Amino acid sequence: MKNLETIRQLDAADSLAHFRDRFELPDGLIYLDGNSLGVMPKSAPERMKTVVETEWGQHLITSWNRHDWIGLPRRLGAIIAGLVGANPEEVVVADSTSINIFKTLSAALQLNPERSVILSETGNFPTNVYMMQGLSANSGGSVRHQMVPTNDLEAHFNDDVAALLITQAHYKTGYLHDMQAITKAAQEKGIIVIWDLCHSAGALPVDLNACHADMAVGCGYKYLNGGPGAPAFIFVAERHQEKVMPVLSGWLGHARPFDFSDQYEPAPGIDRFKCSSPSILGMSVLECGLEIAAEADMAEVRKKSIALTELFIEQVETRLAGQGFELASPRDPSIRGSQVSFHHENGYPIMQALIDRGVIGDFRDPDILRFGFTPLYTSHEDVWRAAEILQDIMESGVWREPRFSVRSAVT
Ligand SMILES: *Cc1c(COP(=O)(O)O)cnc(C)c1O
């Protein structure tokens, strides 16, 4: 097992270490939950102050032009495009991930009018599953959703399937799909593939166009550090954009919103996938997170992410051997995202005890302790210390205190 001196050498040699200073990290806290809510960029309060006090406060409605608020969804979309291997004309920031999932599913059904099945894997993130269920339940019987186990997916690629909705990195286990291979296999059967990048954008290199991806969605508040409830993004490959007549045909996706015409006419290109007035406060803060991500080399981010997750697994399995922790994430780092999960029958109180000691991860039913690693602000020493504190909690038995078993609304 690596000792603290070795760990500190790794931090000293870390080419991404300087990014840590761009984030607000409370003293004494080890934050391993950036896969749920990213840390605040230090630039965010000042940006918020400017947008609220000057742009909104003083310039009011003139800011739509004066500060180009109206261009914000595309400006941010272009930055995200750079992070996920898309063209700037293929990504727009709008609405939430759930809403964008609905947009892409309904678009894929239009592109495949002869087909009626929308396919995904069992255990996908609940909102993905629920949006599929809502869409099919309200389709008058014309659409059917089908959920199959991950290793059974390809066997279900057939002529009935219009769309495959698939999350690249699984939210519970961190299992990482091969985007290139799945996209190719599904497209060979005429299926439109929708990638959910919630746990990949900003965490690892994504190359949508190299994989010939059809559509994708992702959220702004995880590895992109855009703030709680930050707006989401949607990618639609250029070849598909103008074939889609949006079901959520909001006025800002209109070709000329300020004609105030009675007749909807979709905007050219990716703009038709906008719907409502952009959340300017949310987008302004998201921009702070994106500015930092855009400076980072995603290959370096991935390299460090693998080093951190490998280190955590080694530390936990060595320090806590025989104490009931069972790795729930793939052991092979090439198929693991930027998180590590462990099963433990007392996962909930153990996680609460960890949080009490300043190590923040989270718990996912029924028995998963989940730890996210954001290479831009997590150090090797953080990982080492988190494992040390976990060992202390198990050895002292402090997690058995009744207060740690009280369930909160958000786990
Ligand atoms: C976080 C996450 C979402 C979030 O959806 P919201 O609409 O932002 O609540 C969706 N899908 C996956 C896979 C996620 O991990």
Side-chain angles (χ1 to χ4, degrees), residues 32-39 73 76 80 84 91-106 108 118-135 145 147 150 153 163-177 179 182 193-204 206 208 213 215-235 248 273-276 278-279 281-283 285-286 289-290 328-329 336-341 361-365 368 370-374 409-411:
L32 303 179
D33 215 355
N35 53 334
S36 207
L37 174 65
V39 164
L76 301 192
I80 292 173
V84 297
V91 181
V92 70
V93 169
D95 308 304
S96 65
T97 305
S98 304
I99 301 299
N100 290 336
I101 286 171
F102 184 87
K103 293 179 195 170
T104 49
L105 283 172
S106 54
I118 47 181
L119 179 70
S120 192
E121 49 184 340
T122 44
N124 198 348
F125 189 79
T127 208
N128 303 48
V129 181
Y130 302 160
M131 294 308 284
M132 292 172 74
Q133 290 173 352
L135 197 155
H145 67 277
M147 312 298 297
T150 305
L153 268 178
L164 168 68
L165 174 62
I166 186 158
T167 305
Q168 190 188 13
H170 195 272
Y171 77 103
K172 252 190 211 177
T173 64
Y175 178 82
L176 186 67
H177 279 296
M179 182 179 282
I182 290 182
V193 187
I194 303 163
W195 285 100
D196 183 324
L197 304 178
C198 280
H199 290 272
S200 3
L204 42 96
V206 176
L208 288 168
M215 298 179 195
V217 298
C219 72
Y221 51 80
K222 292 174 181 161
Y223 293 98
L224 296 176
N225 305 305
F233 65 89
I234 176 170
F235 157 88
L248 296 183
F273 296 96
K274 298 188 292 192
C275 183
S276 305
S279 155
L281 301 184
M283 287 195 192
V285 175
L286 170 58
L290 295 181
S329 300
R336 185 174 69 226
S338 205
Q339 72 178 65
V340 174
S341 301
D362 58 27
F363 173 77
R364 288 293 175 261
D365 249 354
I368 285 190
R370 191 174 74 147
F371 302 90
F373 300 85
T374 306
V410 176
T411 63

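In what follows, residues are counted from 1 in the order of the sequence shown. Here the structure is a predicted model, which means the values were calculated and not measured. One-based numbering, in listed order, for ligands and for the atoms of each.
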Ligand 1 polar-atom proximity to protein (N/O, under 3.5 Å):
from: ligand 1; atom 1: 7 (O); to: Ser98; atom 2: N; distance (Å): 2.9
from: ligand 1; atom 1: 7 (O); to: Ser98; atom 2: OG; distance (Å): 2.6
from: ligand 1; atom 1: 8 (O); to: Tyr221; atom 2: OH; distance (Å): 2.6
from: ligand 1; atom 1: 11 (N); to: Asn128; atom 2: OD1; distance (Å): 2.9
from: ligand 1; atom 1: 11 (N); to: Asp196; atom 2: OD2; distance (Å): 3.0
from: ligand 1; atom 1: 15 (O); to: His199; atom 2: NE2; distance (Å): 2.9
from: ligand 1; atom 1: 15 (O); to: Lys222; atom 2: NZ; distance (Å): 2.6

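- Closest non-hydrogen pair, Ala94 versus Lys103, comes out as CB-NZ, 4.0 Å.
- In this view, Phe273 satisfies the ring-ring contact (aromatic ring centres under 6.0 Å, His included) rule with no residue, not counting sequence neighbours.
- Considering all non-hydrogen atoms of both residues, Ala232 and Asn100 come closest at CB-ND2, 3.7 Å.
- A salt bridge (Lys or Arg N to Asp or Glu O under 4.0 Å) check over residues 123-135, counting only residues at least two apart or in different chains, returns nothing.
- Under the ring-ring contact (aromatic ring centres under 6.0 Å, His included) criterion, Phe102 pairs with no residue at all, not counting sequence neighbours.
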Just do the side-chain contact (heavy atoms from CB on, under 4.5 Å) check on Asp362 and Thr411 with the steps written out, would you?
-> CA-CA 6 Å; Asp362 58 27; Thr411 63; over 6 Å; no
